[in-house]
Number of protein chains: 2
Amino acid sequence: MTMEDGTSKSPGYCGDTDGDYDVLQWDTREDCEVRQILDRIADKWSLLVIALLDQRSLRFSELRRRIEGISQRMLTRTLRQLERDGLVSRTVYPAVPPRVDYELTPLGVTLHHTIRALVTWTEEHQNEIAFARAAYDARVTAEQEAAERDSAERDAIAREVLAAGRANTG
Amino acid sequence: MTMEDGTSKSPGYCGDTDGDYDVLQWDTREDCEVRQILDRIADKWSLLVIALLDQRSLRFSELRRRIEGISQRMLTRTLRQLERDGLVSRTVYPAVPPRVDYELTPLGVTLHHTIRALVTWTEEHQNEIAFARAAYDARVTAEQEAAERDSAERDAIAREVLAAGRANTG
DNA sequence: CGGAATCCGCCACGATACTG
DNA sequence: CAGTATCGTGGCGGATTCCG
């Protein structure tokens, strides 16, 4: 089964973090649950799959069509990961043609609620972020142009000095 | 300035998503804010930086020491990204030696609160996830071993049949 | 001290082909 | 229809070097 990723060893109990939690304990490079979960839901497709399954259970081909752009490989992998984490359940109907349904588990539903909070935050602040980016980019390009002007000016002065020097010694 | 990533064009208004939101509008491949923010906070270091800055403002070298494992390149890049998005502010003290302080903006603080919800969810459900993984892995290896046993059995039968055939024709 | 620029290894992901 | 197997590649991130 090749096990392309590596999460089999060391459950990595991060210790309890009541109240004044120790940041380094839940996100350092040691494999902590937080990072794994975050990486899972934040990868290219998981979030979308979870969101789609929130409405109702879907079969493989339905997910494939709705997402449009995902390869069958990545859809399979994404669903396997979510299934392994207990966020999505997979039911196979032994029939011809084969049919496989996916749906959110209760745990997956609670995660989706939490995710929604993040999505909501983004929706509420996306204009602030866009504004900040525009301001930042403008500032950077302005400084850049100013630096170029200064450089050109120094070049001009240097050339003048050189010319004056040649006039004196020549 | 090379601009290694590309978020300069098309702000990508995802449309309002009141109530029954359209999932495909906030996470499809078109560059929507949600994905960008999620990718930002979920990348290898941003979340940790945000968490550390939540306590108090820190200078570059302090962050570098506390994180331990991050390269100066990635720390710089991470901070620049966060600064560009208006989540972190950067203040330079013109002195010798140079000193640069980073701190969360009000916007960054609100994001940190939202993130905390996700972290809390993970902390509350990490044992369920660990259990689900263990169960899944156990099931997979069990099926695998069963398949191997079946294969060996079929091999044995096939050999017997072959031997019988030779006995008849020989 | 706080970067910027450069080179490079690795692997996550996509495209393709095959199976039950 | 719902996958698995294989190969090629772009880009992320680390190591190193140089600058103000």
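Note that these values count all heavy atoms, side chains included, but never hydrogens, waters or copies made by symmetry. Chain naming here is simple, since letters A, B, ... match the order of the sequence lines and numbering starts at 1 in each.
- At a threshold of 4.0 angstrom between heavy atoms, the contacts of Arg59(A) are confined to the sugar-phosphate backbone, with no base atom among them.
- Look at Arg77(B) and you won't find any side-chain N or O under 4.0 angstrom from OP1 or OP2 of dC12(D).
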Heavy-atom contacts, protein to nucleotides 15-20 of chain C, under 4.0 Å, summarised as B (base), S (sugar-phosphate only) or - (none) per nt, yield BBB--B
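- For the salt bridge (Lys or Arg N to Asp or Glu O under 4.0 Å) test, residues two or more places apart in sequence or in another chain that qualify with Glu62(B) are Arg56(B).
- Distance, Phe60(B) CZ to dA4(C) P: 9 Å, rounded to whole Å.
- Of the listed nucleotides (dG14(C), dG2(C), dG3(C)), dG3(C) has the atom at the smallest distance from the side chain of Arg80(B).
- Nearest to the side chain of Met74(A), among dG3(C), dG14(C), dA2(D), sits dG14(C).
- One finds a side-chain N or O of Ser61(B) lying less than 4.0 angstrom from the OP1 or OP2 phosphate oxygen of dG2(C).
- Of the candidates dG2(C), dG14(C), dA4(C), dG2(C) carries the atom nearest the Val100(B) side chain, counting heavy atoms from C-beta on.
- Taking atom CD1 of residue Ile67(A) and atom C1' of nucleotide dC13(C), one finds them 15 Å apart after rounding to whole Å.
- Rounded to 10 degrees, the angle between the two end axes of the helix from dC1(C)-dG20(D) to dG20(C)-dC1(D) is 40°, with five pairs used at each end.
- Which of dC1(D), dG3(C), dC1(C) sits closest to the side chain of Tyr102(B) comes down to dG3(C).
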